[in-house]
Number of protein chains: 2
Amino acid sequence: MTVHDPGASVARSKPSRPTMRDVADAAGVGVMTVSRVINGAVGVRPSTAERVREAITRLGYQLNHAASTLRRRHHGSMVIALLVDDIANPFYAALAGAVEEEAREHGFTVLFGSAKEDLQRERELVQAFTARRVDGLIAVPTDTEMWRDALTSVTVVFVDRPANGLPVDSVLVDGRSAAERGVRHLLEHGHTRIGYLGDLASIWTAQQRLQGYRDALGEAFDPELVQQGLRDAASAERAARELLGSARPPTALFAANDLITIGAVRAVAECGEGTAVVGFDDIVLADRLSPPLTVLAQDPVEIGTTAARLLFARLDGDDTPRREVVLPATLVVRGSGESRPE
Amino acid sequence: MTVHDPGASVARSKPSRPTMRDVADAAGVGVMTVSRVINGAVGVRPSTAERVREAITRLGYQLNHAASTLRRRHHGSMVIALLVDDIANPFYAALAGAVEEEAREHGFTVLFGSAKEDLQRERELVQAFTARRVDGLIAVPTDTEMWRDALTSVTVVFVDRPANGLPVDSVLVDGRSAAERGVRHLLEHGHTRIGYLGDLASIWTAQQRLQGYRDALGEAFDPELVQQGLRDAASAERAARELLGSARPPTALFAANDLITIGAVRAVAECGEGTAVVGFDDIVLADRLSPPLTVLAQDPVEIGTTAARLLFARLDGDDTPRREVVLPATLVVRGSGESRPE
DNA sequence: CTGAAAGCGCTAACAG
DNA sequence: CTGTTAGCGCTTTCAG
């Protein structure tokens with residue numbers, strides 16, 4: 001025989017929660033009265049409302065949101081979903097915080113998922129979100145094509161990747177211009193051999209940034225200085241070491257995102273003393289590194305806020321033509337990009 | 001008259017999605033057959049199943065998860081929620097990533113919310129989560145008391161704060177010991193006047209870390225060197241500057257979390273040259289600061305994974321007595337904590 | 001192997 | 001001001 005100590009044992013097999021019927025019975029009223037009290041008691045006698053409220057707290061009743069939205073057709077689930085590459089990346093974490101804040105102001109709760117640049121996983125997440133009938137979806141899409149179906153059932157806003165003709169709002173950053181600006185900055189300081197460290201070539205932002213790099217270099221572009229497919233700081237560090245250890249090493253490095261910049265900084269510190277670095281995305285304490293890190297800073301909070309506002313405007317009935325908001329990334333000069341080659 | 005270009009205009013007023021009835025009619029079968037096909041067709045003739053599947057894809061049907069869990073009592077919503085202080089904080093972002101990973105392996109989707117140390121907000125979030133009938137909840141609780149009700153309806157795991165007698169599993173970090181270890185490290189390098197920079201005194205982890213600081217100092221404890229209530233890097237920097245600018249400034253600083261450490265590093269760099277620093281929580285590129293930052297590193301991924309595993313074990317039926325897992329924070333010696341006072 | 005009826009918890013649409 | 005009836009989309013139960 002097993003003895004359970006209710007105080008020390010974790011409550012299992014949760015008792016089935018009280019329903020509206022239970023509350024109605026306890027208060028001696030009909031279910032509709034309870035429903036009315038819960039949804040902002042209009043047209044309920046104060047004394048009755050009070051009795052109902054008392055029964056609610058006494059029974060510990062809580063509205064079943066799923067059941068309620070099942071019946072009222074027009075009112076949505078009041079949930080939006082956020083689909084990013086990886087929530088653990090500080091950039092997306094900051095974006096998520098901004099989206100949550102905006103959602104909260106509209107009374108929405110937020111689901112999230114990290115696709116990790118995996119198509120299968122992205123599909124599963126979108127599937128899970130739509131099955132849960134989210135009212136809106138803010139996403140960093142990997143494969144634009146698979147989104148066709150999803151669009152028919154949920155309002156979507158893309159972030160970081162263009163709509164490709166799909167009827168969706170999108171929030172982008174002009175990474176091409178920014179990268180060009182960053183590489184030009186290095187050229188202006190006398191560098192001619194500038195290494196490029198980038199993420200997967202399949203990612204739109206990676207393509208844009210590489211394009212900016214090429215545009216700045218023009219004739220001087222040398223494919224031997226380009227390393228792509230870098231998904232984390234460790235692989236970026238390896239790639240940077242490789243470039244720095246080659247026969248004719250670059251005198252400067254352009255790192256195409258935050259994780260890659262971290263790897264580049266490590267590599268330069270350990271085997272590329274004096275190599276200039278310009279990174280895409282700002283990093284915490286970048287100003288306290290030695291040398292202080294020159295970066296092209298995106299504003300994840302602004303991106304998230306903008307995307308969320310576009311989404312909620314749509315949910316509030318805005319049916320104007322689709323919009324594409326392009327935000328800038330600004331060059332923050334701190335030191336690492338201003339050293340001249342020997 | 002308004003002309004809508006369906007290609008360029010954002011799809012509004014989503015057409016009501018096809019139901020199981022629609023699929024059944026389209027396939028010329030009853031709804032139950034459709035239901036059976038969707039939930040792993042056992043006992044359905046292959047040819048019939050095929051016709052149903054065809055209708056499903058043709059109509060673009062998607063199961064309404066809310067409706068389905070409404071009827072089947074025992075099967076839950078397959079959603080868990082994560083309640084943290086602030087998802088934008090890299091520490092919680094990493095934790096969230098770990099929780100999501102674990103959830104995905106169990107087929108669960110994750111809701112999240114940031115309470116931002118605001119009781120009202122925490123209550124609203126818990127309310128929203130339970131109304132959505134989440135099966136589980138991983139939370140960094142602000143006010144342990146308000147959780148009593150929630151516990152009756154959902155399985156909860158606490159992170160970063162103790163259960164206080166509530167029947168909940170919890171995952172903690174021994175911040176007292178870690179802080180004591182960190183401060184002792186400074187004492188061993190000759191520091192006697194060590195400033196303390198901490199978060200709100202109401203937060204359990206902040207209390208623990210302050211206690212560790214006091215334990216290490218013993219008789220030498222001086223309340224004048226203690227600054228609390230620091231909620232972000234900016235306020236931490238101000239507080240640190242104040243300590244460093246005082247008549248008898250400390251020769252070392254103990255920063256009680258990641259955000260505070262960032263502020264402390266800034267303050268030291270600008271007006272406390274040579275002041276030793278030990279920070280709680282590791283920071284990206286901490287090893288590349290000058291001097292490299294000595295920290296007490298917690299492992300957010302391990303914390304998140306552990307919490308999620310405890311939760312899913314409970315959801316899978318584990319009804320053993322409640323557990324309290326205590327993880328360590330390890331001293332990582334890098335340089336900023338080893339400089340000796342002049 | 002398949003379908004019809006009942007009902008999950010709630011709200012819309014009517015009655016009183 | 002309040003209650004009754006129907007039914008949201010689905011699964012359970014039970015009868016073919």
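This one's a predicted model, so the numbers in the text were calculated from it and none came from an experiment. Letters go in sequence order (proteins before strands), and every chain restarts at 1.
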Open item on the list: Is S68(A) close enough to dG9(C) that one of its side-chain N or O atoms is under 4.0 Å from OP1 or OP2 there?
Closed with: no

Task: Length of the line joining D25(B):CG and dC10(D):C1', which is rounded to integer Å - done: 15 Å

Task: Whole-Å gap separating C1' (dG7(D)) and CE (M20(B)) - done: 17 Å

Open item on the list: Looking only at the side chain of L63(A) (C-beta and beyond, no hydrogens), which of the listed nucleotides dT2(D), dT11(C), dG9(D) gets closest?
Closed with: dT11(C)

Task: Under the salt bridge (Lys or Arg N to Asp or Glu O under 4.0 Å) test, residues paired with E102(A) that sit two or more places apart - done: R309(A)

TODO: On DNA chain C, check which nucleotide each of R45(B) and A67(B) is closest to and give me the residue with the more 5' one.
DONE: R45(B)

TODO: From the options dC14(D), dG3(D), dT11(D), select the nucleotide whose nearest atom is closest to the side chain of T33(A).
DONE: dG3(D)

Open item on the list: Rounded to whole Å, how long is the line connecting atom CD1 of I56(B) with atom P of dC10(D)?
Closed with: 10 Å

- [ ] Consider the side chain of R36(A), meaning its heavy atoms from C-beta on, and name the nucleotide among dA13(C), dC10(C), dT11(C) that approaches it most closely.
- [x] dA13(C)

- [ ] Consider the side chain of M32(B), meaning its heavy atoms from C-beta on, and name the nucleotide among dC10(D), dA12(C), dA4(C) that approaches it most closely.
- [x] dA4(C)

Open item on the list: Checking contacts here: which listed nucleotide (dG9(C), dG3(C), dT4(D)) is nearest the side-chain heavy atoms of V29(B)?
Closed with: dG3(C)

Task: Nucleotide dG9(D), atom P - distance to CG of L59(B) in whole Å - done: 14 Å

- [ ] In whole angstrom, give the distance that lies between atom CZ of R21(A) and atom P of dT5(D).
- [x] 11 Å

Task: Gap between atoms CG and C1', on L70(B) and dC10(C) respectively (whole Å) - done: 8 Å

Task: Under-4.0 Å salt bridge between R161(A) and E117(A) - done: yes

Open item on the list: Looking only at the side chain of R71(B) (C-beta and beyond, no hydrogens), which of the listed nucleotides dC10(C), dC10(D), dT2(D) gets closest?
Closed with: dC10(D)

Open item on the list: Tell me the interatomic distance from R133(B), atom CZ, to dC10(C), atom P, rounded to whole angstroms.
Closed with: 7 Å

Open item on the list: With a 4.0 Å cutoff (strictly under), does any side-chain N or O of R72(A) reach OP1 or OP2 of dT11(C)?
Closed with: yes

TODO: Go through the side-chain N and O atoms of T109(A) and R132(B) and say whether any donor and acceptor fall under 3.5 Å apart.
DONE: yes

Task: 5'-most by nearest nucleotide on DNA chain D - V31(A) or A66(B) - done: V31(A)

Open item on the list: For F312(B) and F108(B), take the angle between the two ring planes, folded into 0 to 90°, and tell me which bin it lands in: parallel under 30, tilted 30 to 60, perpendicular over 60.
Closed with: perpendicular

Open item on the list: Given V29(B), which partner from the list V44(B), V34(B), V23(B) fulfils the side chain to side chain contact (heavy atoms under 4.5 Å, CB included) test?
Closed with: V34(B)

Task: Presence of N64(B) side-chain N/O under 4.0 Å of dC8(D) phosphate oxygens OP1/OP2 - done: no

- [ ] Scan I138(A), V157(A), T306(A) and name whichever one has a side chain to side chain contact (heavy atoms under 4.5 Å, CB included) with D169(A).
- [x] V157(A)

Open item on the list: Whether T19(B) contacts dC8(D) is assessed here as follows: a side-chain N or O lying under 4.0 Å from the phosphate OP1 or OP2. Is that the case?
Closed with: no

Task: Sugar-phosphate only, base, or nothing, as touched by T69(A) at under 4.0 Å among non-hydrogen atoms - done: nothing

TODO: Rounded to the nearest angstrom, tell me the gap between atom CD1 in I38(A) and atom P in dG9(C).
DONE: 14 Å

Open item on the list: Please determine whether a side-chain nitrogen or oxygen atom of T48(A) lies at a distance below 4.0 Å from atom OP1 or OP2 of dC1(D).
Closed with: no

